[in-house]
Every structure is written in structure tokens, then in C-alpha cells.
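Here's the structure we're looking at; comments come further down.
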Amino acid sequence: MKSVPVKVEHGGKWVPTTLGIGEDRIRIDAPLDCEIPYKSVVDLEEKKNQVVITAGAEGELVYRIASVEKVLSVLKKFIIIQCSAYRLNAFFMSPAVRGGVLVQDAKWEKGAIAVLKTGIWFVSQESQVCIPIEDVAGIELTSREIQEKNLDVVKIDHLGENEVVTSFVLCPMTTLQVLYNFLREATHDSEVSEEIDPLTGQVAMLVYSGMDSSAIENMLKLSHKDLDAIYERLLGTGLAEVLHVRKEVQLTAKGVRYISNAMKSPTN
Amino acid sequence: MGRILIVDDTMFMRTLLKNILFSGGHDIVGEAADGAEAVARYQELRPDLVTMDVVMPKVNGIEALKAIKAADPAAKVIMCTAVGQEQMVKLAVKSGARGYIVKPFQAPKVLEEVKNVLSA
């Protein structure tokens, strides 16, 4: 077991301690003084310079560990390969498309995919990619031309750093359908079941493309009130969330007086 | 900043692209609603770049791309198509496309791709 210095959250504070990383478990020294077998881990989340490990049959044990990227990378790899999750060996390409633009140097990587409670993880020799389940915008079983053959792949659309990213997973057909079903089930909450009228759909498309309210009103010849009503529909169906509320104002008599004075020539 | 010709059979997508490209400081010199019109408008306007929808009536985007490249091998064309038609990439690249964007797209990425192709 290799030991490395880390910080763990204990009693609401970050405390320095030692983490032992073994083949089948990790050991955290005092004050936690515990061992966590990888197979008991049911969830893994990553944040900047820290990971959150959830273990136990009911997910009742939560450990927050902070360290340098190199240590966390080794730790994450051991956990993802052995934890309690739906997992299979696969090829993946992530990201393949960013904001609608194909990533020119995207390549297939050989590794494993694991579907945990809060995230879909891809792990290869070179990289570790986590797609939080709550950021998944679409799962699709589709085909893609790979080495001049049309092969079935699972396509995952997800949000990442304020843009929509597409990733692909490739594995034998026998497991691809199972993976697809599993991912559909894991992301069931974000499926769209409501009927969306064409105009609301167009507004959603423009929001997706980065247009602001003023541009949308101009493009679709909508009044402020009409657009507000469409926004309400998008909010009501959970397709959108409020980014910020912008005020529309008109000047008071005091404001008009200020502007009138400001416009007077200094020579008058 | 470039002089751009937008080719798409839907007015909605043309208007959206026009807004995005205009916000990036580009000059939209013309629009076309099908491949045949695109080829004619290209000859007439000689833009710095064309954004070309793939699926269009009369002459599709790939055919229009080939015709434009035959007339002007240095033409810069970015292909634009819907999700699920990514298979067209290879064909488009083989036919001389410089870039590829997939609908739905996001403004910053489109502007980045246009900038890359214009500066190449």
C-alpha cells in the first residue's frame, strides 16, 4: 500500500492526514482511521482538487479527500475500475463535438466506462472523464463511420463548461444495447415528456445558440410580453432556468430634469 | 473579419447564423436558400467564406460545395448540418470543406470555427 499526504474533511474542517492506496482498498489514517474497500464505493464525485467518495450499502459513508491531481487521478482510477457500479470495457471519444463544432483531433480511447449514482466515468491510460448525470442532455443509440465501417455507438450529449458537448461510446453490440438502456434509465429524470409548440421550440433553439432576449424578440418579431409568456412555458416545463432578471425602467421627473440639465450647453 | 455567404433552406437558420456572425463582426454579403442559388451567389459575390447547409432542395450542399470548389479551389466552405448526419463529414471533407458545424450549435463555437477557417 502506497502512502501519500492528503487532507480529509472531518467535523467541518480540512485535516491533514495520510492516505494509503492499495490494490483493493484505501486506508485513511487518524482522525478518520478507516479502510474503504473499493467494491464498497457506490459513488464518486470530483470537484476542484478534491473527490467525494460515497460508500456503504445505503451510501451512508461519505468521505471528502483533497490532494494534488496526480494522487487523485490514481485514486479515481482504482475506484472506478473496482467500485460497485455498472461497468464495461469500451472505446470512447470525449469530447467529439463541442458547441456544434466537430473536435478535429478527437480520437477513440480504449478504457472502461462506469455508470455511478451521480456520474458517468470514462477511464483510460491517458484520461479520466466524468459526465455528471445531471448534465446529460441526451442519450442516443446511433451509428458512426469508424475505419470505413458503419458501427453502432451510444451518443451522449451533455453540458460542459457552458457549452454542449457530445461524446461517443463504442463497444460490442451485445453490451451496447444494455449500456444504452442503463444510461437511459440513469438519466430518466431529464427526459422531455411535454409537448412543445413550434414557437416555444424556436425560442429554446435561440437560447441554446446564445441569443439574448433582445435578439430573440427582434428575430422572431415578438413583443416583450409574448417572449415572457414563452419563457414562462420553458420554465414551467423545466426546459430552462432563470439566469438573471433584468429590469426595464423609465425616468422619473427627477431623471428627466437631470437629462435636460446634462444636455444644456455650458455656454447657455 | 470576413465577408460571408450564408446558405440554408430555412429562413430561421439563416437568420440565426446571420445574427451570430454579425455579432462576431463579420459582414454578411448574401444569403441563398438552395445549392444552385449558392453557386450563383458565390460566383457573383466571391465571399471570404460560405456556411453551407448539407440537406437542401434542388442541389444539395455537397454538390454545391463541389461546384464552388471546381470554380474556385481556394474557396473556404464550412458545412452545416443536423444532428445524426455526421456521416456526411468525410464526404464533405473529401469534397473540400474546411470545417463542419452540427446543428444545434452555440454562437461562441461557431465564431471560433469561422475564425479558424478564415485565418487558415
Side-chain angles (χ1 to χ4, degrees), chain A residues 93 95-106 137-153 155-168 198-222 239, chain B residues 6 8 10-26 28 31 49 51-54 62 76-94 97-120:
Chain A
M93 184 188 281
V97 182
R98 268 187 181 279
V101 177
L102 290 169
V103 177
Q104 298 288 352
D105 56 353
I139 302 281
E140 192 186 346
L141 195 55
T142 181
S143 65
R144 193 171 169 84
E145 194 176 301
I146 301 160
Q147 292 176 343
E148 299 186 354
K149 285 181 194 163
N150 264 338
L151 298 176
D152 290 312
V153 294
K155 174 172 169 281
I156 305 171
D157 291 323
H158 52 101
L159 305 177
E161 294 168 14
N162 295 325
E163 57 192 7
V164 181
V165 174
T166 299
S167 301
F168 292 106
L199 183 59
T200 305
Q202 284 189 334
V203 170
M205 165 75 93
L206 294 177
V207 172
Y208 178 101
S209 298
M211 300 291 112
D212 62 18
S213 299
S214 171
I216 294 171
E217 284 168 10
N218 286 334
M219 275 184 69
L220 299 179
K221 307 278 183 282
L222 293 172
L239 296 186
Chain B
I6 297 173
D8 197 298
T10 66
M11 186 188 273
F12 177 75
M13 291 309 298
R14 291 202 304 272
T15 313
L16 174 56
L17 270 170
K18 198 158 63 176
N19 270 270
I20 291 173
L21 296 170
F22 188 72
S23 73
H26 299 288
I28 313 306
E31 294 177 34
L49 184 135
T51 65
M52 177 84 75
D53 188 19
V54 171
I62 300 286
K76 292 178 174 177
V77 181
I78 291 178
M79 303 306 287
C80 178
T81 192
V83 169
Q85 294 168 336
E86 292 92 340
Q87 307 288 356
M88 305 295 278
V89 175
K90 213 168 181 180
L91 187 54
V93 170
K94 208 182 275 181
R98 297 286 187 94
Y100 210 96
I101 54 180
V102 183
K103 299 174 199 171
F105 40 68
Q106 291 179 294
K109 282 287 159 188
V110 172
L111 292 174
E112 195 181 308
E113 183 76 348
V114 166
K115 188 179 166 193
N116 289 342
V117 172
L118 281 172
S119 60

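A note on names: the letters A, B, ... follow the listed sequences, proteins ahead of strands, and every chain is numbered from 1. Every heavy atom of this structure was used, including side-chain atoms; hydrogens, water molecules and symmetry mates were not.
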Legend entry - Nearest-0.5 Å distance that lies between atom CE in A:Met205 and atom CE in B:Met13: 5.0 Å
Inset, instruction - Identify, with sequence neighbours excluded, every residue that meets side chain to side chain contact (heavy atoms under 4.5 Å, CB included) alongside A:Leu159. - result: A:Asp135, A:Val164
Legend entry - More than 12 heavy atoms of other groups within 6.0 Å of B:Phe12 CZ: yes
Inset, instruction - Identify the heavy atoms of B:Phe105 and A:Ser209 that sit nearest to each other, and give their distance. - result: O-OG, 3.1 Å
Legend entry - salt bridge (Lys or Arg N to Asp or Glu O under 4.0 Å) partners of A:Arg98, counting only residues at least two apart: A:Glu163
Legend entry - Interatomic spacing from CG in A:Leu206 to CG in B:Asn19 - rounded to 0.5 Å: 8.0 Å
Inset, instruction - Would you indicate whether the side-chain heavy atoms of A:Val101 and B:Glu112 approach each other to under 4.5 Å? - result: no
